[in-house]
Amino acid sequence: MKLDYRSYILACLAAAALSASSAVAQDTIKIGVPMELSGRFVAYGASGKRGAELAAEVYGGKVAGKKIELLHRDIQSESQATISVFNELVNKEKVNYIIGPIASPTVAAAIPAWRQTKPLWIVPGSSSTKLEEEAGSEPEFFHAFPYAYHYHQSVAAALKSQLPTGQKVSLVFSDDNYGRTHQPYAKKYLTEAGFEIVAEEIVRTNAPDMNPLLTKIARSKPNILLGLVQTTDAVTLTKQIYTRKLPVPYLVGTAATQLDEWQKAVGPAQEGWIGVTTYLPGLKRPGNRDYPKLFPPSDEWEAAFIKKYGQEPDFEDAGCYVSAMLLFLAIEKAGGDDKAKVVAELQKLDVKNTLLGDAKFGPTPGGTKNQAFSDVVVFQRQSEKNVMLFPPGPTVGKIKSAVQ
């Protein structure tokens with residue numbers, strides 16, 4: 001048999017490349033990080049990416065002796081792009097672990113693609129109970145963010161603790177997964193707390209003009225307006241309320257109120273708005289004694305974050321940082337890249353005093369098997385600063401009217 005020297009060399013090179021690739025794969029743990037890095041929810045995704053990157057850096061870049069490889073992907077805040085990215089991560093990259101995305105509509109879009117192989121999936125956002133209904137019972141699904149009912153239990157309690165009885169409320173909610181999920185819970189808990197719902201107005205997402213519905217709301221003469229809208233819709237609603245000087249004393253938003261993006265976009269119109277969040281700079285939460293490097297006191301972590309990024313962290317910076325750290329700890333305890341073992345270790349984790357409070361996954365009444373971080377903070381923008389209103393404590397301030 002005649003030896004084809006050129007073919008022999010090429011075959012050797014191919015085998016060497018395959019061997020090297022296999023060696024790299026064995027020395028690396030891939031973690032998919034699909035985030036909204038452009039589009040409508042970019043404020044969420046950009047901070048989520050920062051949080052995951054910072055966690056990998058602080059942890060040391062390796063876990064269980066293997067290099068941490070974060071596969072960042074831009075899902076463009078769109079359902080179809082989300083599906084494509086998840087298909088690539090689970091089918092081509094064959095990841096065992098995914099952190100993200102964050103916004104309720106994009107998380108909902110990811111569920112069918114995730115189900116193909118069911119990697120361990122940590123969702124550090126999405127308050128939609130539709131997510132709980134569709135994925136909550138799966139053992140590989142970990143939700144590290146409050147659901148809508150957690151939000152509105154706290155909002156109702158905060159308002160009840162500070163306002164006189166008999167207050168009237170108008171609701172504005174977006175015609176999407178977020179608004180339609182939140183509306184019934186807001187109505188339920190506010191009514192149970194003694195408030196009267198006098199108007200409920202639905203608005204199309206990305207609507208350029210909300211004045212017609214604001215006219216209807218003005219006629220109902222509410223004391224409180226609760227806006228169940230996100231990102232650009234929250235900006236539009238805030239600006240148009242401010243421009244027309246809508247005479248509603250108490251204005252309540254949700255997650256957007258804390259975001260630097262929203263605050264810069266609305267400027268002076270932010271005064272008096274009430275927000276809900278899982279993390280607020282300045283709370284001075286204690287650190288964890290067992291993992292002081294990973295979970296230092298919150299003021300130390302904030303100072304390091306500001307030094308690195310030149311801005312205060314928001315709730316998804318903290319949320320994705322903590323989510324990634326918990327995953328790294330579970331992989332470390334499992335001794336390597338064995339998904340079933342990592343799932344079991346993550347379910348067993350009990351880490352006190354993270355940036356979001358105590359980290360322990362457990363069941364919810366709504367059917368989620370692995371839920372952590374259900375507590376929220378209610379605050380108000382006063383003189384361009386966050387003043388905490390709830391839960392009760394020595395640092396709680398007094399609610400102020402937004403009507404000048």
Side-chain angles (χ1 to χ4, degrees), residues 43 47 127 145-146 150-165 167 169 186 189-190 193 195 222-231 234-235 237-239 241-242 245-286 297-303 305-306 311-319 355-357 373-404:
S47 57
S127 54
F145 195 78
H150 296 126
Y151 270 55
H152 297 294
Q153 287 171 341
S154 295
V155 169
L159 295 175
K160 183 178 181 179
S161 70
Q162 296 232 12
L163 298 179
T165 58
Q167 302 289 299
V169 182
Y189 290 111
L190 286 169
F195 296 94
N223 309 102
I224 303 165
L225 184 148
L226 174 55
L228 304 173
V229 296
Q230 299 188 93
T231 60
V235 171
L237 179 66
T238 304
K239 285 184 173 180
I241 287 173
Y242 183 77
K245 294 181 169 58
L246 191 73
V248 179
Y250 305 108
L251 304 171
V252 185
T254 46
T257 312
Q258 188 196 338
L259 295 176
D260 185 63
E261 178 189 65
W262 177 86
Q263 293 167 10
K264 288 178 179 177
V266 304
Q270 69 186 267
E271 183 65 20
W273 273 88
I274 295 167
V276 186
T277 188
T278 52
Y279 176 84
L280 198 66
L283 287 182
K284 296 186 181 298
R285 284 175 166 162
S298 62
D299 55 349
E300 293 181 16
W301 184 81
E302 287 161 19
F305 186 95
I306 292 169
Q311 65 182 74
E312 284 190 332
D314 67 31
F315 68 104
E316 283 301 345
D317 286 301
L355 297 169
L356 304 180
F373 310 122
S374 301
D375 296 334
V376 297
V377 174
V378 182
F379 66 98
Q380 186 177 40
R381 294 294 291 173
Q382 297 179 8
S383 302
E384 299 189 2
K385 294 182 179 180
N386 298 322
V387 175
M388 195 166 89
L389 304 178
F390 184 86
T395 61
V396 168
K398 293 292 184 181
I399 193 171
K400 292 184 177 181
S401 171
V403 175
Q404 303 301 312

- So, for G397 and V387, which heavy atoms are closest and what is the spacing to 0.1 Å? CA-CG1, 3.8 Å
- Parallel, tilted or perpendicular: which describes the rings of F145 and F315, with under 30° parallel and over 60° perpendicular? tilted
- If you round to the nearest 0.5 Å, how far is OH of Y151 from OG1 of T278? 7.0 Å
- Do F305 and Q311 have side chains that get closer than 4.5 Å, going by heavy atoms? yes
- Please lay out, stage by stage, how V169 and L159 fare under the test side chain to side chain contact (heavy atoms under 4.5 Å, CB included). CA-CA 11 Å; V169 182; L159 295 175; 6.0 Å; no
- Query: Under 3.5 Å, is there a donor-acceptor pair between the side chain of R285 and the main chain of L355?
  - Reply: yes
- Can you name the nearest heavy-atom pair linking P222 to P249, along with the distance? O-CD, 4.0 Å
- Note on the structure: For G253 and V276, the nearest pair of non-hydrogen atoms, with its separation, is O-CG2, 4.1 Å
- Answer yes or no: is there a side-chain heavy-atom contact under 4.5 Å between I241 and W273? yes
- Message: Would you compute the distance between atom CG of N223 and atom CG of L163 and round it to the nearest 0.5 angstrom?
- Response: 8.5 Å
- Task: Please examine the side chains of V155 and V252, heavy atoms only from C-beta on, and report whether any two atoms are closer than 4.5 Å.
- Result: yes
- Item | Flag, side chain of Q153 to backbone of Y189, donor-acceptor distance under 3.5 Å | no
- Message: One pair to check against side chain to side chain contact (heavy atoms under 4.5 Å, CB included): Q162 and K398. What are the steps and the verdict?
- Response: CA-CA 7 Å; Q162 296 232 12; K398 293 292 184 181; 4.1 Å; yes
- Query: Near D375 CG, under 6.0 Å, is it more than 12 heavy atoms from other residues, nucleotides or ligands?
  - Reply: no
- Message: Distance check, rounded to the nearest 0.5 Å: Y250 atom OH versus I399 atom CD1?
- Response: 6.0 Å
- Decide yes or no for D260 and E312: does some side-chain heavy atom of the first lie under 4.5 Å from some side-chain heavy atom of the second? no
- Task: Take D314 and E261 through the side chain to side chain contact (heavy atoms under 4.5 Å, CB included) test and state the conclusion after the steps.
- Result: CA-CA 10 Å; D314 67 31; E261 178 189 65; over 6 Å; no
- Message: Please check this pair: side chain of Q263 against backbone of Q258, looking for a donor-acceptor N/O pair closer than 3.5 Å.
- Response: yes
- Message: Contact between F379 and T257 at the side-chain level, heavy atoms closer than 4.5 Å - yes or no?
- Response: yes
- Message: Given 3.5 Å as the limit, does a donor-acceptor pair link the side chain of S383 with the main chain of K385, or not?
- Response: no
- Task: Mind listing the closest non-hydrogen atom pair of A318 and L356 along with its distance?
- Result: CB-CD2, 4.2 Å
- Which is it for W262 and V235 under the side chain to side chain contact (heavy atoms under 4.5 Å, CB included) test, yes or no, and what are the steps along the way? CA-CA 6 Å; W262 177 86; V235 171; 3.9 Å; yes
- Note on the structure: To the nearest 0.5 Å, atom CG of N386 lies from atom CD1 of I274 at 12.0 Å
- Task: Kindly compute the distance separating OH (Y242) from CG (L251), expressed to the nearest 0.5 Å.
- Result: 12.5 Å
- Item | Nearest non-hydrogen partners of P313 and P281, listed with the distance | O-CG, 3.3 Å
- Task: Rounded to the nearest 0.5 Å, what's the gap from CD on Q167 to OG1 on T165? Could you check?
- Result: 8.0 Å
- Message: Donor-acceptor pair, distance only, cut-off 3.5 Å: does the side chain of Q382 make one with the backbone of E271?
- Response: no
- Message: Minimum heavy-atom separation for L259 and A43, please, with both atom names.
- Response: CD1-CB, 4.0 Å
